[in-house]
Amino acid sequence: LLEGKLDDEDRERVAQASGGADLHGLASGLLTAIDPDEVEKAAIAATGGPVDALTEAQLEAAAEQLKDAACAPFDDPKVRQAFVMAFDNQKYIDVLLAKVAVPAAGLYPPGLPGYNTDLQGLPYDPEAARQLLAESKYGGPEGLPTVVFTTSGRGSDIDADVAAKAQMWQQNLGVTIVVENLEPDKYYDLISQGYHGQIISGGWCADYPDPENFADVLFHSGAEMNRGHYSNAALDAILEEARIETDVQKRIQLYQQAEQIIVNDAPALFVSHSLGFILVKPHIQNYVFTPIDIPLERYLWIDAGKLK
């Protein structure tokens, strides 16, 4: 994933960031591509001294919620699965995010307790996606109602992120997406009031590093943040059991089981997990780059022998 050279603007940003600071974070959205070796070279060139570039996946998930149950056409799980399998998230990350993200097979990000490397995500398979759409109660793209993708924006502008998804669904499923922009300052209020189409953009950053903060908060039938109105009695039962389970290993197994149900039922299209980057001078010792912000300053010390 971490490929690609830095352009001149990237080098300038790295130079500014690495200045005289011992530790300095780099926002991934500011860089067109990340290669740790290239970042280190740019920082060394700017400061004349050694710098380590560290990379860590953050406890964040980006997804599109496919509103189901109460709203056609995503009341049919085959339609939801078709939309997920018609989206190439690796190509999306390579092109739109300049490879600066981790593809998401499911809900839990790397580093989160319960993250499952054996999770069976729905694959990118346009042919199978078209077959699922044909098998749905809508009989194919011609039987679908108008599908509206509600996003934050102004006027008739369509963000590249939304355009990329809409283009894939058009090419792979023959479904034309109508994009609805809501004023950015009113977007979340309107979404919370239910004013949106069948597809809405979303992202989630852990409040605390626990799978409950993802699965239960976002996909339990009674959850306030379950904006797609997804409901699955079997999933609810597992999540409720996990809430009171005191055996850590069994609890994690329950949350992994819950994630697999969510992935299979496809109430959301899981897109990516963000990456974080930080420049660290070698004389800083005991620094650990964690996937969620934790104050670690009290554990740090300076190795005077490495000062330059």
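Since this is a predicted model, take the numbers as computed values, not measurements.
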Nearest non-hydrogen partners of [X] and [Y], listed with the distance:
X: Ala104; Y: Asn89; value: O-ND2, 3.4 Å
X: Ala82; Y: Leu173; value: O-CD1, 4.0 Å
X: Asn213; Y: Cys205; value: OD1-O, 4.4 Å
X: Cys71; Y: Gln198; value: SG-CG, 3.5 Å
X: Tyr138; Y: Ala72; value: OH-CB, 3.0 Å

Give a yes or no on this: more than 12 heavy atoms of other residues, nucleotides or ligands lie within 6.0 Å of atom NZ of Lys91.
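Incorrect, the count does not exceed 12.
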
Show me the donor-acceptor pairs, under 3.5 Å and distance only, between side chains in residues 139-153 and residues at least two apart or in other chains.
from: Thr150; atom 1: OG1; to: Glu180; atom 2: OE1; distance (Å): 2.6
from: Thr150; atom 1: OG1; to: Gly197; atom 2: N; distance (Å): 2.6

From [X] atom [atom1] to [Y] atom [atom2], the distance as rounded to the nearest 0.5 Å:
X: Glu240; Y: Leu235; atom1: CD; atom2: CG; answer: 9.0 Å
X: Asp207; Y: Glu212; atom1: CG; atom2: CD; answer: 9.5 Å
X: Leu254; Y: Glu241; atom1: CG; atom2: CD; answer: 4.5 Å
X: Asp159; Y: Ser201; atom1: CG; atom2: OG; answer: 8.0 Å

Short side-chain to backbone donor-acceptor contact, [X] and [Y], under 3.5 Å:
X: Trp204; Y: Leu218; answer: no
X: Asn181; Y: Asp157; answer: yes
X: Asn172; Y: Pro126; answer: no
X: Asp76; Y: Ser136; answer: no
X: Gln285; Y: Asp303; answer: no
X: Asp236; Y: Ser221; answer: yes
X: Asp94; Y: Lys99; answer: no
X: Arg227; Y: Ile191; answer: no

Can you check side-chain contact (heavy atoms from CB on, under 4.5 Å) on Leu307 and Lys281, steps first, answer last?
CA-CA 9 Å; Leu307 282 171; Lys281 295 291 180 66; over 6 Å; no

Would you tabulate the side-chain donor-acceptor contacts of residues 258-269 under 3.5 Å, counting partners in other chains and residues two or more places apart, or write 'none'?
from: Glu259; atom 1: OE2; to: Leu107; atom 2: N; distance (Å): 2.9
from: Glu259; atom 1: OE2; to: Tyr108; atom 2: N; distance (Å): 3.0
from: Gln260; atom 1: OE1; to: Gln120; atom 2: N; distance (Å): 3.2
from: Gln260; atom 1: NE2; to: Gln120; atom 2: O; distance (Å): 2.9
from: Gln260; atom 1: NE2; to: Asn264; atom 2: OD1; distance (Å): 3.0
from: Asn264; atom 1: ND2; to: Gln260; atom 2: O; distance (Å): 3.3
from: Asp265; atom 1: OD1; to: Arg80; atom 2: NH2; distance (Å): 3.3
from: Asp265; atom 1: OD2; to: Tyr230; atom 2: OH; distance (Å): 2.7
from: Asp265; atom 1: OD2; to: Asn232; atom 2: ND2; distance (Å): 3.3

Please examine the side chains of [Y] and [X], heavy atoms only from C-beta on, and report whether any two atoms are closer than 4.5 Å.
X: Leu122; Y: Phe87; result: no
X: Trp301; Y: Ile284; result: no
X: His220; Y: Met225; result: no
X: Asp88; Y: Gln90; result: yes
X: Lys186; Y: Gln193; result: no
X: Met85; Y: Leu132; result: yes
X: Val175; Y: Ile177; result: yes

Any chain of hydrophobic side-chain contacts (each under 4.5 Å) joining [X] to [Y]?
X: Val248; Y: Phe214; answer: no
X: Met168; Y: Ile93; answer: yes
X: Tyr124; Y: Leu119; answer: no
X: Leu133; Y: Val178; answer: no
X: Ile252; Y: Ile238; answer: no

Short side-chain donor-acceptor distance under 3.5 Å, Gln131 and Glu135:
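Result is yes, a qualifying pair exists.
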
Please check if any side-chain donor atom of Tyr255 sits under 3.5 Å from a side-chain acceptor atom of Asn116, or the reverse.
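Side chains of Tyr255 and Asn116: no pair found under 3.5 Å.
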
Can you confirm whether or not the ring centre of Phe83 sits under 6.0 Å from the ring centre of Phe74?
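Close enough - the centres of the two rings lie under 6.0 Å apart.
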
Considering only NZ, NE, NH1 and NH2 on the basic side and carboxylate oxygens on the acidic side, decide whether Arg154 and Glu183 come within less than 4.0 Å.
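Glu183 and Arg154: salt-bridged.
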
Is any side-chain N of the basic residue among Arg251 and Asp210 closer than 4.0 Å to the acidic one's carboxylate O?
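Yes, this pair counts.
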
